[in-house]
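I have placed the structure first, in the form of structure tokens, so that the comments after it can refer back to it.
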Amino acid sequence: MVTELSAKPAFSLSSTAQSGAANYPGLDDWRDLPVSQQPSWQDKDVFDASLGELSVLPPLVFAGEVDVLRERLAAAAEGKAFLLQGGDCAETFEAATADKISARVKTILQMAVVLTYGAAMPVIKMGRMAGQFAKPRSSNDETRDGVTLPAYRGDIVNGYEFTPESRGHDAARMLKAYHTSASTLNLIRAFTQGGFADLRSVHQWNKGFTENPAHARYESLARDIDRAIKFMASCGADFEALKRVEFFASHEALLLDYERALTRIDSRTGFPYDTSAHFLWIGERTRELDHAHVDFLSRVRNPIGVKLGPSTTGDDALRLIDKLDPEREPGRLTFITRMGAGNIREKLPAIVEKVTASGAKVLWVTDPMHGNTVTSPNGYKTRNFDDVIDEVRGFFEVHHALGTVPGGLHVEMTGDDVAECLGGADPVDQEAFLDKYESVCDPRLNHMQSLEMAFLVAGALAKH
């Protein structure tokens, strides 16, 4: 696990000044622990004012919604549902438009229909959306042509443009992240509750995918889904109920002052909930057991994910369970494995075996993106679609061999026609990067590659 950048930030709002957010024993213990990947805010007055305002703004999500998600994830851990979690590597303020948001939601819904049919079980739909604005970095600085500036840490911290003004760490951006998240969530709720997500419409969208000759091998499954929908209609199925879907928001809980400021005490239970998202995860770079991120997230009631890379041991996993899920609560803890295609079959079995033997019931999810990042010959950060798919296959093979549950898929994807990952049935080559590479951070699957993955995973689920 990477442990660089473990120094404390230059300053942090005191717990007493943040009382509007929540008062609860232990919520500020993280401030006395090592904390990595935090900004060096350039203006303390702006920082204090921003967090003071965040601490009294309305919650972005509600505790009751969070509790529903915990129940859904508990079902997935039992093999009675499947989690689909997807979205941008790093959201940007500029891309929070109706067209781009609807394209991402549409793609996730399309993938979910295919997975639902393949798995013959409910699919939990979750976006890396409405809050995925902070990114960990391997270095604090970036140098171009002899000029060194702070690295881009996501729009919640600084700008992507390589200028001193843009790259300064501006705490006022946290307020913009909040308001952008709020408007994104508002649009997602409208889409998923107002008829946009009608099962019949989503299936019609998928027909356009299979009409492409490159995707002809998926036509049989699409035809089966079509027959199933027509059968439901003939039987008088209540399609009104199928016009609306549950859709949950998630992001990496990296910026702890922001997460702390949006933590509220639930009036029903008296427990703290981080209301910045329904689901929060701890990254591979910040999962140190005795550090701030694990401590803070151990104290909120949200379902929590942890990214596990190839350096993870079974004992590491057990210690994380003891800290984050001491009561062994169904739906509380998700392990998101990101091993790389070359490691998944070798590294994952021992971890799963040890966790299973302990009696803990976690949700196992594969992130086939982050362990397969390479640099293309023409200098772009990319991923090979075949490697991504191979890691997914390895994930299913391991769980099939052990008799455990492969419970979900976590992907960086977009609904747009970008060219960032190599390959696919309708292949992207490196020359396409010159015109269609748009990501400000990591490469994403484009719309067609995302749907192709859904059809491939549906086949694996059907076999499982």
Side-chain angles (χ1 to χ4, degrees), residues 68-87 104-129 192 197 199 202-203 206 218 221-222 224-225 228-229 242 244-250 278-279 281 303-308 330-338 344 348 352 355-356 361-369 388-389 391-413 445 450-464:
V68 168
L69 175 60
R70 194 184 307 108
E71 294 173 6
R72 304 289 185 262
L73 296 177
E78 294 283 351
K80 298 175 182 177
F82 189 81
L83 173 64
L84 173 62
Q85 186 177 11
R104 267 175 280 159
V105 172
K106 179 177 177 179
T107 302
I108 292 171
L109 293 176
Q110 288 179 264
M111 295 174 73
V113 166
V114 176
L115 292 171
T116 300
Y117 187 83
M121 67 176 72
V123 170
I124 305 158
K125 291 161 276 289
M126 185 187 296
R128 287 174 56 111
M129 296 175 68
T192 55
L199 175 64
V202 175
H203 176 58
N206 277 342
Y218 306 115
L221 179 56
D224 289 344
I225 297 172
I229 291 176
L242 298 175
R244 295 174 294 278
V245 300
E246 292 178 335
F247 197 99
F248 300 99
S250 68
H278 300 103
F279 179 94
W281 75 84
I304 300 300
V306 185
K307 293 285 189 82
L308 303 181
R332 163 65 174 176
L333 185 59
T334 297
F335 280 150
I336 307 167
T337 61
R338 40 154 295 175
I344 185 73
L348 184 58
V352 175
V355 169
T356 303
K361 183 68 76 172
V362 303
L363 173 60
W364 295 100
V365 171
T366 179
D367 167 4
M369 307 295 291
V388 171
I389 294 300
E391 179 157 359
V392 175
R393 287 197 182 102
F395 175 78
F396 276 92
E397 289 168 12
V398 168
H399 284 285
H400 180 72
L402 296 176
T404 48
V405 177
L409 176 67
H410 178 121
V411 289
E412 290 182 338
M413 43 71 66
L445 299 178
S450 299
L451 294 182
E452 183 177 354
M453 170 178 275
F455 276 93
L456 289 166
V457 174
L461 284 168
K463 291 177 183 176
H464 188 81

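Scope of the values below: all heavy atoms of this structure, side chains included, with no hydrogens, waters or symmetry mates. All figures in this text were calculated on a predicted structure; none of them were measured in a lab. Numbering starts at 1 and runs along the sequence shown.
The two residues Met453 and Val411 make their nearest non-hydrogen contact at SD-CG1, 3.4 Å. Counting all heavy atoms, side chain and backbone alike, Ser450 lies closest to Met413 at OG-CB, 3.2 Å. Closest approach of Leu461 and Ala119 over heavy atoms only: CD1-CB, 3.7 Å. Closest approach of Ala249 to Met129, counting heavy atoms only: CB-O, 3.7 Å. Across every non-hydrogen atom of Leu363 and Gly407, the tightest pair is CD1-CA, 3.6 Å. The shortest heavy-atom contact between Leu84 and Met111 is CD2-CB, 3.6 Å.
Using bins of under 30°, 30° to 60° and over 60° for the plane-to-plane angle, the ring pair Trp281/Phe279 lands in the tilted bin. Ring orientation note: the planes of His278 and Phe248 are nearly perpendicular, at an angle over 60° on the 30°/60° scale.
Put simply, NZ on Lys307 and CD1 on Ile336 are 5.5 Å apart, with the number rounded to the nearest 0.5 Å. In this structure, Ile225 CD1 and Leu199 CG are separated by 9.0 Å, a value rounded to the nearest 0.5 Å.
Looking only at atom types and distance, the side chain of Arg338 has no donor-acceptor partner in the side chain of His410 under 3.5 Å away.
Annotation: side chain of Val398 is not in contact with side chain of Pro406 (no heavy-atom distance under 4.5 Å). At a threshold of 4.5 Å between non-hydrogen side-chain atoms, the residues Leu445 and Met369 count as touching. Put simply, the side chain of Leu451 does not reach to within 4.5 Å of the side chain of Tyr218, judged on heavy atoms. Side-chain atoms of Trp364 and Thr337, non-hydrogen and from C-beta on, do get closer than 4.5 Å to each other. Within the 4.5 Å cutoff, the side chain of Met126 has heavy atoms near those of the Leu69 side chain.
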Step-by-step side chain to side chain contact (heavy atoms under 4.5 Å, CB included) determination, Lys361 to Glu78: CA-CA 8 Å; Lys361 183 68 76 172; Glu78 294 283 351; 3.8 Å; yes
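A search for side-chain hydrogen bond (donor to acceptor under 3.5 Å, both in side chains) contacts involving Arg393 returns nothing, not counting sequence neighbours.
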